[in-house]
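Each remark here refers to the structure printed beneath this line.
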Number of protein chains: 2
Amino acid sequence: MISVSHTTSHAIRALACLAGCADPPASIKDVAACADVPQAYLAKIVKKLNDSGIIESKRGHKGGIWLARPAKLISLLEICIALEGDDFLGTCLLGSECCSDDRDCPTHQFWMKNRELIRREFDRIKLSDVLAFYRERGLHHMPTVEELAGSGLPFASE
Amino acid sequence: MISVSHTTSHAIRALACLAGCADPPASIKDVAACADVPQAYLAKIVKKLNDSGIIESKRGHKGGIWLARPAKLISLLEICIALEGDDFLGTCLLGSECCSDDRDCPTHQFWMKNRELIRREFDRIKLSDVLAFYRERGLHHMPTVEELAGSGLPFASE
DNA sequence: TATATTGTAGATAAAAAGGTCTATAATTAA
DNA sequence: TTAATTATAGACCTTTTTATCTACAATATA
């Protein structure tokens, strides 16, 4: 299947939740519930995002995680690279190992151009765009403090 | 990683070998050696290609496999679909399940167009093109009867 | 300081993809 | 008809990816 890995997909949803969080930090538990990602798995994803400087964290009571920068300054590209490495787009669309710029595999020229298109698109799309989309659709919405009051929602911190 | 599956990659090389085979049928064993695909695994791939009408086969002494049609009439698209299913390009680049034409995920519009580009490219490229590329590069070349005479090559059937 | 709460780390497990092995059925040719 | 050869079928194993579990370290607050 031609798409981003399942792990990266989790990460994008989780980060969008963080971006929409009204009063950071948010706990991994709350974000996991909001983004529909297994909590323990999100904890591992969090480490990578932390190492790459996309989020920051603090342990202990009232601790949690938050975006290291405004959502407008975090691109999908950066997230993909953080989780799958710099070559997440792959060299050869056909999985061949002989492909390089001086050896034209049948899809090479096409893929070189197209890969660049995808890269640029991923660089253009920011976390804020993803958040806006989710908000429009009422998806993966991180509840505000007011909304939480007595709501009984699973991610009610208080 | 954004590319075709490893299995599909194997299949494309194997089919290119078949396309270049001077005197079909060729045994799975010979094709496996030529295409650098594990023999037993190729046997499984062969079944799918057979079911999809891309190759035909005959068992027994002097049996083997061969292309069901000329290499010019077999596209990469067809091969991908045979092995990974009709939706091998995926619906959402971000792996989201809420994506559909009336709900625009941040990459949706982009991906709809781009996916179509890839699809068209895969439809345009035929097995004959892949063979031509391999021939140019001296890769995955199915030896002719003459070349085999006394060559001691592993895929020498005689 | 004691305790509850939170992220961190590492072992473990389940699922999926890739790959191997063995037995069998079909076919040819001696 | 027998033996050799080939695809076929299905069980099984390995690796990678995804996910869980357990113990632990840090922090805030009562």
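Note on naming: letters A, B, ... go to the chains in the order of the sequence lines (proteins, then strands), and numbering restarts at 1 for each one. None of these values were measured; they are calculated from a predicted model.
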How many whole angstroms separate atom [atom1] of [X] from atom [atom2] of [N]?
X     : N      : atom1 : atom2 : result
B:K48 : C:dA17 : NZ    : C1'   : 10 Å
A:E56 : D:dT27 : CD    : P     : 14 Å
A:K29 : D:dT20 : NZ    : C1'   : 17 Å
A:E84 : D:dT16 : CD    : P     : 16 Å
A:F88 : D:dT17 : CZ    : P     : 16 Å
A:Y41 : C:dG10 : OH    : P     : 17 Å
A:I45 : C:dA9  : CD1   : P     : 16 Å
B:L49 : D:dA7  : CG    : P     : 14 Å

Which one, [options], comes nearest to the side chain of [X]?
X     : options                : value
A:R59 : D:dA26, C:dG19, D:dA28 : D:dA26
A:H61 : D:dA7, C:dT5, C:dG18   : C:dT5
B:I65 : C:dG18, D:dA7, C:dT8   : D:dA7
A:A40 : D:dC21, D:dA4, D:dA26  : D:dC21
B:S27 : C:dG18, D:dT6, D:dA9   : D:dT6
B:T7  : D:dA4, C:dT20, C:dG18  : C:dG18

If only side-chain N and O atoms of [X] are considered, is one of them under 4.0 Å from the OP1 or OP2 phosphate oxygen of [N]?
X     : N      : result
B:K58 : D:dA7  : no
B:S57 : D:dT6  : no
A:H6  : C:dA15 : no

> Heavy-atom distance under 4.5 Å between the side chains of B:L76 and B:D129, does that happen here?
Replying inline: no
> Distance-only, no hydrogens or angles: does the A:R13 side chain make a donor-acceptor pair with backbone N or O of A:D36 under 3.5 Å?
Replying inline: yes
> Are any side-chain N or O atoms of A:K29 and backbone N or O atoms of A:A26, one a donor and one an acceptor, separated by less than 3.5 Å?
Replying inline: no
>> Need to verify one output field. Residue with the more 5' nearest nucleotide on DNA chain C, A:K44 or A:G63?
In response: A:G63
>> Pick the closest DNA chain D nucleotide for A:G60 and for A:P38 by heavy atoms, then say which residue is nearer the 5' end.
In response: A:P38
> Is it true that B:E116 and B:R119 make a salt bridge, defined as a side-chain N closer than 4.0 Å to a carboxylate O?
Replying inline: no
> Parallel under 30°, tilted from 30 to 60°, perpendicular over 60°: which one fits the rings of B:Y41 and B:H10?
Replying inline: perpendicular
